[in-house]
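What follows is a single structure, written as structure tokens, with notes after it.
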Amino acid sequence: MGIFFVPTIVFMVVVAPIWLILHYWTQSRMNRGLSGEERQQLEDALALAQKLEQRIVTLETILDVQQPDWRHYDDDRHHHT
């Protein structure tokens with residue numbers, strides 16, 4: 001019994017914790033990334049951002065036609081205050 005006592009204690013105190021830490025560290029690194037649901041949410045958000053960008057471009061085009069100086073008005077307002 002004495003022959004196995006010291007190696008067992010060394011294994012339990014030194015090797016086993018390091019082994020467990022490396023195991024779970026490796027598992028967490030492998031699980032990083034987006035899940036399917038997160039990827040879908042990201043794609044939906046990207047599609048929404050593209051629609052909003054297109055709407056802004058459309059609104060700017062309308063403003064350019066109806067109020068050609070609207071861009072200068074905003075610049076002047078910020079420079080004079």
Note to self: Between Val13 and Leu22, is there shared hydrophobic-cluster membership here, with clusters defined by ILVMFWY side-chain heavy atoms closer than 4.5 Å?
What the structure shows: yes

Item checked: Val15, Ile21, Val14 screened by side chain to side chain contact (heavy atoms under 4.5 Å, CB included) with Ile18, the one that passes -> Val14

Item checked: Atom CD of Glu53: over 12 foreign heavy atoms under 6.0 Å -> no

Next item on the list: Going by the side chain to side chain contact (heavy atoms under 4.5 Å, CB included) test, name the single residue among Leu63, Val57, Leu59 that passes it with Thr61.
Entry: Val57

Next item on the list: Can you measure from OG (Ser35) to CD (Gln41) and round to the nearest 0.5 angstrom?
Entry: 7.5 Å

Item checked: Flag if over 12 foreign heavy atoms under 6.0 Å of CD, Gln27 -> yes

Notebook entry, point to check: Are any of the side-chain heavy atoms of Lys51 and Gln54 separated by less than 4.5 Å?
Noted result: no

Check: Under 4.5 Å between any side-chain heavy atoms of Asp64 and Arg71, yes or no?
Finding: yes

Next item on the list: Would you mind reporting whether Tyr24 and Trp19 have side-chain heavy atoms less than 4.5 Å apart?
Entry: no

